[in-house]
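Some notes on the structure that comes next.
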Amino acid sequence: MVELLAPAGNIESLDAAIGEGADAVYLGLKSFNARMRTTNFAWNQFEAAVEALHRQNKKIYVTVNTVCEERETERLYRFLAYLNEIHPDGLIVQDYAVLRMVQEFFPEIEVHASTQMNVESSNAVRLLQKNGVKRVVLARELGLEEIKKIKNETGAELEVFVHGALCVSESGLCLFSSFLGGKSANRGMCAQACRRFYTAEVPGGIKQGYYFSPCDLQLIDQIPDLIEAGVDSFKIEGRMKSAEYVGSVVSAYRYVIDHYKEDKKGAIAAGKRMLASDFARAKTTYWYGFNSHEEGVQNAASKILNPDQAGGTGIFLGKIAATKPAQKELIESIKQSLLAANAGSKPKEMVRIQMAYLTGGSYEPDPGDSIRLHKKDDSGRESHKIRSVEIEADGKHWIDIPEGFTVGDSVYLLQIKSSSKRYNHVLPRDLSTYRKQPKDQLLPILDLMPVKDRELSYFPEGIYVQVSSIPDVFAIQGLKPVRVIIEYNSETSYDLLNHKTVLPFSKKQIFISLDPFCAASQEDKLSEELKILIEDGYVNFVVNNIAHIQMLNGRKVNLIAGPYLYTFNRWAVSWLENQNIGAFVMPLENSRRNLEATFEATVRSRVLVPVFAYPALFRMRFKLPENYDFTYFEDKEEKVFKVNSTADGSFVMPEEPFSIVDKMNFISAAGFKRLLIDFSKTKVSRSQIKAISSSMIKGQPLPDVSRFNWKDGFYSPQQIEEYKAANERSRMQKEAGKNTVTKISRNNSHSKGRKN
């Protein structure tokens with residue numbers, strides 16, 4: 001029987017999911033999960049939930065689906081040891097480090113590959129199966145025929161998203177939020193750059209819109225087909241959604257799963273009626289219904305994008321016309337309900353609300369309805385569940401909203417309170433007996449493989465240059481690269497396979513870089529083309545998807561792990577080493593500090609460090625619609641970006657490149673003597689070559705560039721708090737010092753007075 005898997009972002013949602021018939025839930029704890037902005041579970045709540053759900057023959061999965069820096073690996077190890085003791089039914093993981101640690105220390109833990117691991121092909125699934133992964137959560141950019149193909153060819157346990165929010169970028173490949181300020185989607189800190197309001201340069205002027213804000217996924221019509229295709233688990237997205245949302249969506253999909261065999265049409269119609277209260281965003285079936293990969297690339301955008309709908313969110317309730325403080329009695333009532341919802345343990349969140357009067361809408365919300373508030377300058381948005389409605393004598397309706405919003409901000413309806421259902425509590429009222437927490441175990445030391453003589457003969461010291469077109473191979477000769485990396489796309493593949501151009505570099509000097517998205521509908525074609533290229537003499541490849549490793553396994557070729565096979569710690573590096581990979585391109589999000597911590601001096605010859613690139617911030621599996629007649633667009637802070645729509649999909653890049661070219665001597669002196677200048681997705685110009693060469697020689701920074709995360713690293717709320725606390729301690733110490741100096745000074749003056 002297929003599993004219905006529901007989100008449990010908090011205790012109320014857990015109760016709703018189980019109360020409406022979910023077979024399993026997935027949740028996060030306070031670290032290492034991709035929804036760091038939701039409530040998540042405390043240690044005692046989680047321990048109690050595992051015991052309570054197992055007693056009901058329900059399953060519980062834990063999200064450990066973010067990448068981990070080297071300094072965090074010991075904490076990760078302790079976290080895994082704790083989970084091994086509590087016995088959830090599986091861990092949903094992204095970082096290869098978790099796979100490596102589980103293999104080494106916790107072989108009884110069941111591992112599921114997260115959608116963030118970017119798995120969309122049979123080859124990728126096979127490699128994970130060989131490494132002990134029990135279940136794969138497929139990328140959301142797949143259609144029914146592709147899912148069928150993977151199931152038929154691997155027999156693997158497959159989990160598929162069927163309802164909820166989508167990312168516009170291909171799964172696990174979004175760098176936009178990280179580029180804007182270190183808030184990495186791969187670290188659970190996504191700032192939702194896709195939902196923002198942008199201004200575009202179009203012929204004849206400018207045009208504004210929410211150009212990359214996707215609709216929500218809804219596959220209730222496809223449930224019977226997906227069951228017949230052999231999907232093992234249907235996943236509902238929404239760990240940041242309300243309990244009412246979780247309850248109504250679970251009940252709808254539960255009904256269709258249970259009744260479609262009796263009356264397919266009637267069951268789906270009934271399920272849709274149950275979903276009628278979900279106003280979050282317009283709905284889409286995304287990649288379902290296309291007959292071919294090419295048809296999907298041409299048409300999927302029109303099914304997922306709606307630039308005219310504000311953030312793609314809900315029914316317009318109006319704009320805030322006035323605000324006033326909330327009554328103390330209401331705040332106290334909410335505090336008490338939060339205490340009850342947290343089974344008696346004190347919630348960390350403070351109650352910060354005010355009352356607001358809205359104008360311009362056509363619906364008056366009720367207590368229990370879920371809303372979303374948008375600031376008028378698009379600087380922020382927040383979801384909120386209404387607790388109170390005050391109706392004045394003149395008919396004005398005042399609702400509670402979060403603090404921080406003001407007159408002119410917009411409010412949208414996400415979800416009406418579909419019923420007054422009260423669910424049985426999953427957790428016991430008394431959690432005092434649940435006391436397990438991570439302990440202070442020491443992580444065993446891991447040394448990466450030492451470099452053997454001649455092992456890296458294919459990977460010499462010097463400058464590497466990557467390009468996306470054959471003409472650019474000729475254009476970059478002035479940089480005198482020791483190796484050239486050619487991106488494998490629809491243009492370059494035709495030239496290479498058909499010997500259209502005599503290249504100015506030998507085949508041994510060329511690396512072929514494979515696209516990080518490897519769809520099931522394309523993998524057989526790619527595998528056959530790789531075979532032809534190898535027979536033709538190409539032996540060096542940059543692999544960016546684990547499917548590539550499986551395809552090239554056993555062939556006499558040299559593999560470099562590209563920047564999309566994330567190596568933010570040595571345990572992830574070690575896992576890739578075990579897949580017969582000996583060299584690594586640093587992920588573009590990485591920092592100097594973390595790079596040096598991951599690779600000790602003795603193994604830095606394994607690393608290729610990008611020093612210049614136009615990072616692909618969004619990678620979309622479709623061409624943009626024809627009415628997206630622009631190349632350049634900017635956000636509210638006037639940062640400029642460019643979009644490139646091709647037969648291989650669409651790519652958003654910054655106008656200002658990432659560059660640390662001026663730091664090349666410093667980087668080389670630190671032992672990283674293989675440096676990458678990456679012109680992917682852009683056309684090489686003479687002026688660029690000249691400017692980069694000058695910056696390299698003089699050690700002077702290029703103008704108008706970004707350092708990305710090289711200097712400051714990932715954004716970390718914990719580090720920010722530690723920094724604030726350190727500053728406060730310093731201020732208090734200085735203040736205390738001043739007082740001491742003043743006191744001593746006064747004492748000295750008094751003593752002088754006595755002497756006189």
Side-chain angles (χ1 to χ4, degrees), residues 93-94 96 99 103 111-160 170-173 229-232 287 292-293 296 487-490 493 497 511-535 538-567 572 575-581 619 621 648-649:
V93 311
Q94 176 184 16
Y96 307 130
L99 295 183
Q103 287 172 335
V111 174
H112 299 179
S114 168
T115 189
Q116 287 293 107
M117 201 179 276
N118 184 28
V119 178
E120 57 273 331
S121 65
S122 299
N123 278 285
V125 171
R126 286 191 194 102
L127 185 71
L128 292 173
Q129 285 177 309
K130 288 194 295 187
N131 280 271
V133 173
K134 180 70 185 304
R135 177 188 291 186
V136 174
V137 187
L138 293 177
R140 285 165 285 192
E141 302 78 30
L142 293 180
L144 178 62
E145 295 306 314
E146 292 176 309
I147 293 170
K148 282 182 182 177
K149 179 179 185 294
I150 294 171
K151 185 67 178 183
N152 291 337
E153 293 179 353
T154 68
E157 196 171 305
L158 301 180
E159 183 174 304
V160 171
E170 292 163 347
S171 295
L173 303 180
V231 172
D232 298 276
W287 209 264
S292 67
H293 167 79
E487 181 188 87
Y488 198 67
N489 54 44
S490 56
S493 61
L497 292 168
F511 277 86
I512 295 175
S513 179
L514 305 176
D515 191 272
F517 192 82
C518 181
S521 60
Q522 297 293 98
E523 64 177 319
D524 294 339
K525 177 175 175 282
L526 176 60
S527 186
E528 187 59 34
E529 289 176 358
L530 291 176
K531 181 180 177 183
I532 294 169
L533 290 170
I534 293 167
E535 290 172 351
Y538 292 98
V539 293
N540 302 316
F541 295 89
V542 179
V543 292
N544 282 294
N545 188 295
I546 55 176
H548 304 149
I549 302 173
Q550 178 69 15
M551 289 178 186
L552 294 168
N553 187 34
R555 298 180 178 178
K556 294 182 179 180
V557 293
N558 305 309
L559 302 183
I560 296 180
Y564 293 99
L565 292 181
Y566 300 128
T567 48
W575 187 83
L576 287 167
E577 282 182 330
N578 290 344
Q579 316 309 315
N580 299 315
I581 290 180
R619 305 180 67 97
R621 195 194 176 189
D648 301 304

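In this text the structure is predicted, and so the values were computed from the model without any measurement.
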Could you tell me the separation between the [atom1] atom of [X] and the [atom2] atom of [Y], rounded to the nearest 0.5 Å?
X: Tyr96; Y: Leu128; atom1: OH; atom2: CG; result: 8.0 Å
X: Ile581; Y: Ile549; atom1: CD1; atom2: CD1; result: 3.5 Å
X: Leu530; Y: His548; atom1: CG; atom2: NE2; result: 7.5 Å
X: Ile147; Y: Asn152; atom1: CD1; atom2: CG; result: 12.0 Å
X: Ser121; Y: Asp524; atom1: OG; atom2: CG; result: 9.5 Å
X: Leu533; Y: Leu497; atom1: CG; atom2: CG; result: 5.0 Å

Short side-chain to backbone donor-acceptor contact, [X] and [Y], under 3.5 Å:
X: Asn118; Y: Glu170; answer: no
X: Asn123; Y: Ala547; answer: no
X: Gln522; Y: Cys518; answer: no
X: Ser527; Y: Glu523; answer: no

In residues 554-562, what donor-acceptor pairs under 3.5 Å come from side-chain atoms, sequence neighbours left out?
unit_1: Asn558; atom_1: ND2; unit_2: Asn540; atom_2: OD1; d: 2.8

Which atom names give the shortest non-hydrogen contact between [X] and [Y], and what distance separates them?
X: Leu138; Y: Val160; result: CD1-CG2, 4.3 Å
X: Asp648; Y: Ser490; result: OD2-OG, 3.0 Å
X: Ala229; Y: Lys148; result: CB-CG, 3.6 Å
X: Trp575; Y: Asn131; result: NE1-OD1, 3.2 Å

**Request:** Applying side-chain hydrogen bond (donor to acceptor under 3.5 Å, both in side chains) between Ser171 and each of Glu141, Arg621, Arg619, Gln116, report the one that passes.
**Result:** Glu141
**Message:** Test side-chain contact (heavy atoms from CB on, under 4.5 Å) on Val542 and Asn544; report intermediate values, then the result.
**Reply:** CA-CA 7 Å; Val542 179; Asn544 282 294; 4.0 Å; yes
Note, [X] side chain near [Y] side chain (heavy atom, < 4.5 Å):
X: Leu158; Y: Val137; answer: no
X: Lys151; Y: Val231; answer: no
X: Asn545; Y: Pro516; answer: no

**Request:** Evaluate the ring planes of His293 and Trp287, with Trp represented by its six-membered ring, and classify them as parallel (under 30°), tilted (30 to 60°) or perpendicular (over 60°).
**Result:** tilted
**Message:** Does Val93 form a side-chain contact (heavy atoms from CB on, under 4.5 Å) with Leu99? I'd like the steps, not just the answer.
**Reply:** CA-CA 8 Å; Val93 311; Leu99 295 183; 4.0 Å; yes
**Item:** Summary of ring pair (Phe, Tyr, Trp, His ring centres under 6.0 Å) pairs that have at least one residue in residues 111-143, sequence neighbours excluded
**Value:** Tyr61-His112
**Message:** What I want to find out is whether Lys149 reaches Glu145 closely enough, with some N-O distance under 4.0 Å, to be called a salt bridge.
**Reply:** no
**Item:** Verdict with reasoning, Asp515 to Glu487, per side-chain contact (heavy atoms from CB on, under 4.5 Å)
**Value:** CA-CA 8 Å; Asp515 191 272; Glu487 181 188 87; 5.8 Å; no
**Complete:** Here the salt bridge (Lys or Arg N to Asp or Glu O under 4.0 Å) pairs for residues 122-136, sequence neighbours left out, are Glu3-Arg135, Glu110-Lys134, Arg126-Glu153, Lys134-Glu157, Arg135-Glu157, Arg135-Glu159
**Request:** Please step through side-chain contact (heavy atoms from CB on, under 4.5 Å) for the pair Gln129 and Val133, ending with a clear verdict.
**Result:** CA-CA 5 Å; Gln129 285 177 309; Val133 173; over 6 Å; no
**Request:** Classify the side-chain pair Gln94/Tyr566 by whether it contains a donor and acceptor separated by less than 3.5 Å.
**Result:** no
